[in-house]
Amino acid sequence: MPEQRDPSPYDALLLLSFGGPEGPDDVVPFLENVTRGRGIPRERLKEVGRHYFLFGGVSPINAQNRELLDALRKDFAENGLDLPVYWGNRNWAPYLTDTLRTMVNDGHRRIAVLATSAYASYSGCRQYRENLADALAVLQAEGLPVPQVDKLRHYFNHPGFVRPMIDGVLASLAELPAEARDGAHLAFTTHSIPTAAADTSGTPADHTEGGADHTEGGTGGAYVAQHLDVARVIADAVREETGVDHPWQLVYQSRSGAPHIPWLEPDICDHLEERHAAGVPAVVMAPIGFVSDHMEVKYDLDTEATAKAAELGLPVVRSATVGADPRFAAAVRELLLERAVAERGRAPERCALGALGASHDLCPVGCCPARAPRPAAAGADWRGPVADAPA
């Protein structure tokens with residue numbers, strides 16, 4: 001088999017995602033899964049889930065994952081890659097453990113995993129690895145063979161992820177009134193996380209105690225650095241394409257949790273107020289931290305932030321996420337084959353844009369640590385499941 005089409009040693013790919021409710025009756029049970037162990041009352045979860053009810057109780061994420069699954073299978077088939085693709089979720093059906101059980105019963109023993117989170121952070125990387133460890137422990141307890149799972153590297157700066165977002169920003173600028181277009185501000189958005197988690201994101205070498213000057217929490221670690229690098233690549237590409245140097249800033253959305261805990265700021269709505277007060281004629285909101293137009297994009301940007309802009313009289317356009325773009329599907333194939341080459345003991349060609357270069361294949365010890373250490377598969381500290389691991 002030609003090198004560029006040889007996935008060995010892998011015999012399957014798992015698309016691993018967050019999951020979401022698919023009807024009104026699913027909303028509270030889904031949120032109970034997401035918040036398990038935090039003791040949040042059911043009535044509070046109903047209040048938290050109000051934005052799902054605005055969309056009929058259906059999160060867009062599962063339909064979008066089905067589209068991506070179809071795109072991956074189509075790309076693999078068209079490029080002669082004979083590898084089955086499965087899908088499992090952290091918090092809703094199809095559940096990760098059920099999918100891994102099916103994969104094992106189908107005979108798969110060496111599984112590559114693509115998580116629908118492109119950047120380094122606890123919730124975007126290590127927590128998925130913890131979920132994998134828990135699922136493998138269940139298989140072991142059931143007496144099933146335990147496969148080896150390898151999580152593909154962070155793809156935040158892969159051309160197949162970045163270039164569709166560049167096109168999305170260019171298309172959004174073209175939608176703005178001509179008189180506002182050249183002065184438009186670019187607001188690159190991503191999910192806010194606690195500043196402590198931001199500062200300990202990535203490898204131990206990336207971690208800080210509060211940013212480069214150790215005075216402001218949240219500006220250290222890999223999470224912010226990776227987003228800034230992608231934002232800079234996109235802004236530079238827009239300047240090259242249009243001849244206009246648009247001002248830009250990385251901002252945050254979708255904050256949750258206790259109000260006394262510091263999270264990354266500014267929030268997108270506060271940022272829109274500030275930009276309006278500064279006299280900018282328009283804003284393009286570019287959700288670079290998200291793979292698809294799921295609930296955080298549809299509600300926090302398309303609903304709340306757009307309503308805030310309308311209140312201000314500020315023209316805004318929201319650019320598209322990558323979704324099931326064929327270039328992203330091709331990028332996943334390249335990431336898989338790149339990792340396969342490395343697993344066969346050869347040096348692969350690694351595609352990456354920006355200043356940070358390609359991410360590591362294997363998460364080292366101390367990468368994106370949790371407050372309470374738990375086993376996490378697909379990392380340098382993984383030693384296999386244990387019989388008493390949580391189900």
Side-chain angles (χ1 to χ4, degrees), residues 14 16-19 30-40 88-92 95-97 100 113-140 149-154 156 190-211 217-227 252 254-264 289 296 359-391:
L14 169 62
L16 177 55
S17 193
F18 193 82
F30 162 73
L31 292 173
E32 288 175 335
N33 287 343
V34 174
T35 61
R36 185 182 294 114
R38 301 183 200 174
I40 299 176
N89 290 324
R90 172 189 292 173
N91 297 302
W92 203 248
Y95 288 103
L96 168 61
T97 301
L100 278 176
V113 179
L114 177 85
T116 55
S117 178
Y119 299 84
S121 70
Y122 170 74
S123 58
C125 183
R126 185 175 178 89
Q127 191 172 9
Y128 280 114
R129 293 176 49 223
E130 292 175 353
N131 299 147
L132 286 166
D134 292 346
L136 295 176
V138 172
L139 299 188
Q140 182 186 53
V149 295
D150 294 334
K151 181 177 175 293
L152 299 180
R153 68 173 170 93
H154 301 302
F156 64 94
T190 190
H191 207 300
S192 183
I193 62 175
T195 58
D199 286 334
T200 56
S201 58
T203 69
D206 296 315
H207 301 171
T208 76
E209 296 179 356
T219 57
Y223 186 75
V224 173
Q226 290 172 357
H227 281 87
Y252 303 93
S254 312
R255 183 205 158 112
S256 61
H260 68 280
I261 297 175
W263 282 54
L264 293 174
E296 282 84 354
S359 185
H360 52 265
D361 280 337
L362 193 68
C363 291
V365 176
C367 199
C368 300
R371 292 185 206 164
R374 292 177 52 199
D381 52 354
W382 175 239
R383 296 295 180 267
V386 293
D388 59 352

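Values below: all heavy atoms of this structure, side chains included; hydrogens, waters and symmetry mates excluded.
Taken from CZ in Phe156 to CD in Gln226, the straight-line distance is 4.0 Å, to the nearest 0.5 Å. A distance of 7.0 Å separates OG in Ser117 from NZ in Lys151, rounded to the nearest 0.5 Å. Once rounded to the nearest 0.5 Å, the distance linking OG of Ser121 with NE2 of His191 reads 9.5 Å. Between the CG atom in Leu100 and the CG atom in Asn131 there is a gap of 10.5 Å [rounded to 0.5 Å]. For the atom pair CZ (Phe18) and OG (Ser123), the distance works out to 8.5 Å, reported to the nearest 0.5 Å. Summarising the geometry, atom NE2 belonging to His207 is positioned 6.5 Å from atom OG belonging to Ser201; distances are rounded to the nearest 0.5 Å.
Nearest heavy-atom pair across Ala222 and Gly202 is CB-CA, 3.7 Å. Across Val365 and Ala380, no two heavy atoms sit closer than the pair N-CB, 4.1 Å. Counting all heavy atoms, side chain and backbone alike, Ala115 lies closest to Tyr128 at CB-CD1, 4.2 Å. Heavy atoms only, all atoms of each residue included: Ala377 and Val149 are closest at CB-CG2, 4.1 Å. Closest heavy-atom contact between Trp263 and Ser192: CZ3-O, 3.1 Å. What you find for Pro204 and Pro364 is that their closest heavy atoms are CD-CG, 4.1 Å.
With sequence neighbours excluded, no residue satisfies side-chain contact (heavy atoms from CB on, under 4.5 Å) with Ala225. Every residue meeting the ring-ring contact (aromatic ring centres under 6.0 Å, His included) condition with Phe30, not counting sequence neighbours, appears here in chain and number order: Tyr52. Contacts of Arg383 classified as side chain to side chain donor-acceptor pair (under 3.5 Å), with partners at least two apart in sequence or in another chain: none. Under the rule for a side chain to side chain donor-acceptor pair (under 3.5 Å), the partners of Tyr122 that lie at least two apart in sequence or sit in another chain are Glu130. Asn33 meets the side-chain contact (heavy atoms from CB on, under 4.5 Å) test with Arg36, Asn91, Trp92, Tyr95; sequence neighbours excluded.
Looking at Leu96 and Leu14, their side chains come closer than 4.5 Å, going by heavy atoms from C-beta outward. When side chains are defined from C-beta on, Asp381 counts as touching Arg129, because their heavy atoms get closer than 4.5 Å. At a threshold of 4.5 Å between non-hydrogen side-chain atoms, the residues Leu132 and Leu16 count as touching. Contact annotation: the side chain of Cys125 approaches that of Cys363 to within less than 4.5 Å [non-hydrogen atoms, C-beta and beyond]. Looking at Trp382 and Leu136, their side chains come closer than 4.5 Å, going by heavy atoms from C-beta outward. Counting heavy atoms from C-beta outward, Thr190 and Tyr252 have side chains that approach closer than 4.5 Å.
A distance-only check finds a donor-acceptor pair linking the side chain of Asp206 to the backbone of Thr203 [under 3.5 Å].
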Subject >> Stepwise side-chain contact (heavy atoms from CB on, under 4.5 Å) test for Leu264 and Tyr223 >> reply: CA-CA 11 Å; Leu264 293 174; Tyr223 186 75; 3.8 Å; yes
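Classification of the His154-His360 ring pair by plane angle, with boundaries at 30° and 60°, yields perpendicular.
Note on residues 359-369: pairs passing salt bridge (Lys or Arg N to Asp or Glu O under 4.0 Å), not counting sequence neighbours, are Arg350-Asp361.
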